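This report refers to the structure that appears directly beneath it.
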Amino acid sequence: MRPDFDAITRSTRLYNFHTHTQYCDGRDTVEAVADMAVSLGFAHIGFTPHSPVPIASPCNMSGADVAAYIRQVGLAAGRHRGRCEFYTGMEIDYLGPDWGASSPYFTDLGLDFCVSSIHFIPSQSGELIDIDGHYDRFAANMHTHFRDDLRYVVSTYFERSMQMLAAGYFDILGHFDKVAQNASYHQPDIEQQGWYGDLLDTYLDEIVKSGVTVEINTKARAEHRRFFPHERLWPRLIEAGVTIVVNSDAHYAARLNAARDEAHDILTTLGYER
């Protein structure tokens, strides 16, 4: 059952549609996350393991585990029936025209919904490289795989993001300026550069035109003092009438509601009426 994000966000703050478990790089079981959601009084939880990908990745779920994952969410839904709605989703990596939410592999799974995100981009030699995660790994990849060319990395990230948006077939746009975290550690003033702002503005225009639901991702708030997208971009989304969901991107059951109340309060202050 596809969740009605607009209706849900108008009725409650007690939801999360970006949640990871042991089936990818999450640390807790579906059962533990489900129990935590119910204990917090959540009304809606969407599970979103990092999708299978056709490249080596320690963070993504195995294709062999997909059936077991779907079964476990069904069991959790049955156990907590009437207390919380559970949805079987995925965070699907867009890797290019041949791999993303529009691929038959994913459209045939019967998922309730999906988040689409960019975690990998091609190096100048064409190899798909992870640009997400800890900065020390990003810095090493900058030198080893990207010829220390930060502008190439950022430009390619937004180019791929535009392609992902155009390909469609997903419900929520995941952490759409996530590259800014590692990029700004690498070059602190990058978000003030005119070329960076131009890329982001162009992407924002296309996001608004697409009508896709956009998440405010709160995962990095405690450690990095960041939301994704940055809160300076929220007024533009609000003014355009974009449907916004506040997701914790939780990798631990205990962090299911991390920084979500803060994000909701900022949205209210900015005039986002739900």
Side-chain angles (χ1 to χ4, degrees), residues 17-18 48 50 91-95 100-101 115-122 129-135 137-139 141-142 146 149-167 170-240 242-249 258-260 262-264 266-267 270 272:
F17 292 104
H18 194 157
T48 53
H50 291 288
E91 183 179 12
I92 299 176
D93 274 292
Y94 180 81
L95 302 181
V115 178
S116 196
S117 304
I118 301 287
H119 299 99
F120 302 87
I121 65 167
I129 303 298
D130 184 3
I131 60 166
D132 200 63
H134 296 293
Y135 173 68
R137 184 175 63 188
F138 178 87
N141 285 341
M142 279 295 302
F146 293 115
D149 188 343
L150 185 61
R151 185 160 181 165
Y152 169 84
V153 169
V154 172
S155 297
T156 304
Y157 173 87
F158 282 113
E159 178 184 341
R160 283 290 173 118
S161 297
M162 293 278 281
Q163 293 170 3
M164 176 181 73
L165 193 65
F170 62 91
D171 303 285
I172 298 175
L173 179 60
H175 46 62
F176 73 71
D177 65 344
K178 182 74 184 292
V179 70
Q181 179 175 303
N182 280 332
S184 64
Y185 281 135
H186 206 72
Q187 181 182 323
D189 68 342
I190 192 167
E191 292 176 272
Q192 285 72 56
Q193 297 291 315
W195 64 269
Y196 179 95
D198 290 344
L199 288 171
L200 186 56
D201 284 344
T202 300
Y203 189 36
L204 267 168
D205 286 342
E206 294 304 310
I207 290 169
V208 169
K209 290 177 187 175
S210 75
V212 71
T213 295
V214 171
E215 74 167 7
I216 302 300
N217 186 301
T218 67
K219 178 188 175 186
R221 187 61 169 173
E223 183 177 357
H224 301 282
R225 302 309 303 162
R226 275 188 174 270
F227 292 116
F228 303 110
H230 193 285
E231 54 264 42
R232 72 176 181 277
L233 305 177
W234 299 5
R236 187 163 168 185
L237 297 172
I238 293 168
E239 289 165 11
V242 172
T243 297
I244 297 170
V245 294
V246 178
N247 289 332
S248 65
D249 193 355
R260 290 184 68 260
E262 181 185 359
H264 274 296
I266 294 172
L267 284 169
L270 292 172
Y272 188 59

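The model shown is predicted, which means the values in this text are computed figures rather than measured ones. In what follows, residues are counted from 1 in the order of the sequence shown.
Shown here for G133 and N182, the closest heavy-atom pair between the two residues is O-ND2, 3.2 Å. When all heavy atoms of P229 and W234 are compared, the pair lying nearest together is O-NE1, 2.8 Å. Across all non-hydrogen atoms, the minimal contact from M142 to L150 is CE-N, 3.4 Å. Of all the heavy atoms in A263 and I216, the pair that sits closest is CB-CG2, 4.2 Å. K178 and F228 make their closest contact through CD-CE1, 3.3 Å (heavy atoms, listed as atom of the first residue, atom of the second, distance). The minimum heavy-atom distance linking T218 with A258 is given by the pair OG1-O, 2.7 Å.
Judged by distance alone, the side chains of H119 and D130 never bring a donor and an acceptor atom under 3.5 Å apart. When only modelled atom types and interatomic distance are considered, N247 and N217 share no side-chain donor-acceptor pair under 3.5 Å. A donor atom on one side chain and an acceptor atom on the other are not found under 3.5 Å apart for Y272 and H264. In this model, no donor atom of one side chain and acceptor atom of the other lie less than 3.5 Å apart for Q181 and H186.
Remark: Q187 CD to D189 CG distance equals 5.0 Å, nearest 0.5 Å. Remark: I244 CD1 to L267 CG distance equals 5.5 Å, nearest 0.5 Å. Taken from CG in D205 to OG in S210, the straight-line distance is 11.0 Å, to the nearest 0.5 Å. Summarising the geometry, atom NE2 belonging to H224 is positioned 9.5 Å from atom OG belonging to S184; distances are rounded to the nearest 0.5 Å.
A heavy-atom distance below 4.5 Å is found between the side chains of P122 and T156. Counting heavy atoms from C-beta outward, V115 and D171 have side chains that stay 4.5 Å or more apart. Put simply, the side chain of I92 does not reach to within 4.5 Å of the side chain of S117, judged on heavy atoms. Between I118 and D93, every side-chain heavy-atom pair lies at or beyond the 4.5 Å cut-off. By the 4.5 Å heavy-atom criterion applied to side chains, D249 and T48 are not counted as neighbours. Between F176 and L204, some side-chain heavy-atom pair lies under the 4.5 Å cut-off. Inter-residue side-chain proximity for I131 and Y157 is flagged as met; some heavy-atom pair is nearer than 4.5 Å. Residues L200 and F158 are in side-chain contact: their nearest non-hydrogen atoms beyond the backbone lie under 4.5 Å apart.
The main-chain N or O of D201 is found under 3.5 Å from a side-chain atom of R236 such that the two form a donor-acceptor pair. Under the 3.5 Å distance criterion, the side-chain polar atoms of R137 are matched with a main-chain donor or acceptor of D132. Distance alone, capped at 3.5 Å, is enough to place a donor-acceptor pair between the R260 side chain and the V246 backbone.
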Would L173 and S116 satisfy side-chain contact (heavy atoms from CB on, under 4.5 Å), going step by step from the backbone distance to the final call? CA-CA 5 Å; L173 179 60; S116 196; 5.6 Å; no

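If you look at Y94 and F170, their ring centroids are not closer than 6.0 Å.
With sequence neighbours excluded, the residues that form a side chain to side chain contact (heavy atoms under 4.5 Å, CB included) with T213 are F5, I172, T243, V245. With sequence neighbours excluded, no residue satisfies salt bridge (Lys or Arg N to Asp or Glu O under 4.0 Å) with D198.
By the 30° and 60° cut-offs, the orientation of the rings of F146 relative to Y152 is tilted.
Within the structure, the salt bridge (Lys or Arg N to Asp or Glu O under 4.0 Å) test picks out the following pairs touching residues 209-220 (sequence neighbours left out): E206-K209.
Checked for salt-bridge contact, R151 and E159 miss the test: no charged N lies under 4.0 Å from a carboxylate O. Between E231 and R221 there is a salt bridge, since at least one side-chain N of the basic residue sits less than 4.0 Å from a carboxylate O of the acidic one.
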